[in-house]
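These notes are about the structure you will find just below.
As the structure is a computational prediction, the values presented were derived from the model and not from experiment. The chains referred to below are lettered A, B, ... by the order of the sequence lines, with proteins before strands, and numbering in each begins at 1.
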There are 2 protein chains.
Amino acid sequence: MYKTQPYGGRTDPALPWLNGAAVGLHQPAPGSSNGGAGRIAQSLSLLAQHLPLRRRLVHAGDAIFEAGTPFHQLYVINSGSVKVVNTAADGRNQVVGLLFKGDWLGFDGIAKGHYGCTAQALEIGEIWGFRYDTLMAAAAAQPQLLLELHTEMSRAIVRGRDALLSLCTLPVAARVAEFLRQWAESLATRGLRNDQITLRMSRAEIGNYLGMTLESVSRALSSLERAGVICFTEKGRRLIQIPDPQALSDFIQAEAQATGATLQ
Amino acid sequence: MYKTQPYGGRTDPALPWLNGAAVGLHQPAPGSSNGGAGRIAQSLSLLAQHLPLRRRLVHAGDAIFEAGTPFHQLYVINSGSVKVVNTAADGRNQVVGLLFKGDWLGFDGIAKGHYGCTAQALEIGEIWGFRYDTLMAAAAAQPQLLLELHTEMSRAIVRGRDALLSLCTLPVAARVAEFLRQWAESLATRGLRNDQITLRMSRAEIGNYLGMTLESVSRALSSLERAGVICFTEKGRRLIQIPDPQALSDFIQAEAQATGATLQ
DNA sequence: CGTGCCGTTGAACTTGCTCAAATCAGGTGG
DNA sequence: CCACCTGATTTGAGCAAGTTCAACGGCACG
């Protein structure tokens, strides 16, 4: 397996912190049973209350914003899912993010003054748009808005880093498994059923996202099915069932250790 | 070459925007010849003026903060360089960032309430620390501080995405070249000489950062030297000279195209 | 009913990894 | 100042994961 080997750095005392949990500065909404779903609903309603929103219905394939256009607005997903595609100067491009209800879009525009990525809906959904300067003005009266913004930006940074880590330390099959695990986790956080996933991307898109070929994605899914970690439903090979989320995690763990990617 | 192949997405009209340029919302400092260096000096002095800073001298290897400790402070590099190491729950860890003067540290703590990474100095330098809540309080009086924060967070997001793109679309040799190019660019932005680079990381650390083995890093550097794109100085193989930055870019371009990673 | 796209699977090939040995730089103690 | 030791780096040879190329089946759409 093509994994980076241990390097005798000084930062290696294997640390026991959970990386996946989505606990934030926010206390769970009083009276909400699920921290994740409550948090997201709460923050969406906060926005709705204090900002003039441009609500837009999108269909699969619709662009929410395009790389290169001037930045003025941020967006929040009220429903549906979105992929973010990064494009380099020489035309190489890559899916760099996959976002769901409550996630924000367009942060990369703040620094550069124009969007650096293209965001595209993967299914029917509703996207809320609002101007960055309006948000800042509203935040003067409602500081909670600022905390929300910072938390979401921080989350985006963490997501990017975790993606990098997966990409560098996991073999293909485990990367696909991790992809499914994260997707299921995102659904669970939002209070949706997470025992099945409707892939809204082609094998080619998934492969592009995970840094592998479409054939590798296909093979990885087949091998996950053979291992009994996932099942395909009778109809269509884009609807994936996950009988036991723990089995997915175990699979990833096993693959990671097999490669010696554990480090230190 | 193991590169992701084209996928017939709908987002592919190859876009001509430069990805590397560091132009921001900030207008170049009036009277400063170099936008980058001016911007950084300006934003450092803005912080010094409006915030009580904890200044700390660090030596190579010193930790600025450790993954898992509670988040209260953000940090800014006043001088020196820093690496950021991400650690997963199962012990896999990876260098996910390399930062220089003017860069901020610790954003990942905002969402989770504790730092998710460890930051470690690569050389002697001075790090400024200040509490996040103090920053927010000061921002009420000085909104420029907020813009600064957002710009830096945005920049961190963009950097992460670009790293992902390199990792997925470039073969090893080009990845090393791109690494050097970015380092040189960072130096240039800060008004420092960018015709030579003192690597402050071992081959193993570089490999970990770039998702390859230390042997691959070594071979890539040797091949860059053979191609005349870089030179080693007589003393030590950690001081690298870059006679012609353009040649580096050309090398990357050529390698990228050779793999068909161009897409579209 | 043909055309096109998506997905799967097989076989051969290539890149980058693993293992191993030799070299080199830096620091330590005599 | 030199011998020595340790860790970093380079380089080679063989191997394997994942890619490339290619063929086939299924489903949707005109």
Rounded to whole Å, please give me the gap between [atom1] in [X] and [atom2] in [N].
{"X": "B:L199", "N": "D:dA8", "atom1": "CG", "atom2": "P", "result": "15 Å"}
{"X": "A:L224", "N": "C:dT9", "atom1": "CG", "atom2": "P", "result": "13 Å"}
{"X": "A:N208", "N": "C:dC6", "atom1": "CG", "atom2": "P", "result": "14 Å"}
{"X": "B:L167", "N": "D:dG18", "atom1": "CG", "atom2": "P", "result": "14 Å"}
{"X": "B:R200", "N": "D:dA8", "atom1": "CZ", "atom2": "P", "result": "17 Å"}
{"X": "A:I206", "N": "C:dC6", "atom1": "CD1", "atom2": "P", "result": "12 Å"}

Exercise. Through what angle, rounded to 10 degrees, does the axis of the helix from C:dC1-D:dG30 to C:dG30-D:dC1 turn between its ends, using five pairs per end?
Worked result: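 Angle reported: 40°, given to the nearest ten degrees.
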For this session: State plainly whether the residues A:R190 and A:D103 are in salt-bridge range, i.e. N to O under 4.0 Å.
Result: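 Between A:D103 and A:R190 there is a salt bridge, with a charged N closer than 4.0 Å to a carboxylate O.
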Decide whether [X] and [Y] meet the rule of one side-chain donor and one side-chain acceptor closer than 3.5 Å.
{"X": "A:E123", "Y": "A:S81", "value": "yes"}
{"X": "A:N86", "Y": "B:D162", "value": "yes"}
{"X": "A:S216", "Y": "A:T213", "value": "yes"}

Problem set entry | Set of residues satisfying side chain to side chain donor-acceptor pair (under 3.5 Å) with respect to B:W104, sequence neighbours excluded |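 B:W104: no side chain to side chain donor-acceptor pair (under 3.5 Å) contacts found.
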For this session: Only counting residues at least two apart or in another chain, list the ones meeting side chain to side chain donor-acceptor pair (under 3.5 Å) with B:R55.
Result: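 So B:R55 forms no side chain to side chain donor-acceptor pair (under 3.5 Å) with any residue.
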For this session: Determine which pairs satisfy ring pair (Phe, Tyr, Trp, His ring centres under 6.0 Å) with at least one residue from residues 211-238 of chain B, sequence neighbours left out, and list them in order.
Result: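 Ring pair (Phe, Tyr, Trp, His ring centres under 6.0 Å) check on residues 211-238 of chain B returns no pairs.
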Exercise. Which letter, B, S or -, goes with each nucleotide of nucleotides 9-15 of chain D from 5' to 3', with contact meaning a protein heavy atom under 4.0 Å?
Worked result: SBBBB--
Problem set entry | ring-ring contact (aromatic ring centres under 6.0 Å, His included) partners of A:F100, counting only residues at least two apart |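 Once residues adjacent in sequence are excluded, the partners of A:F100 under the ring-ring contact (aromatic ring centres under 6.0 Å, His included) criterion are A:W183.
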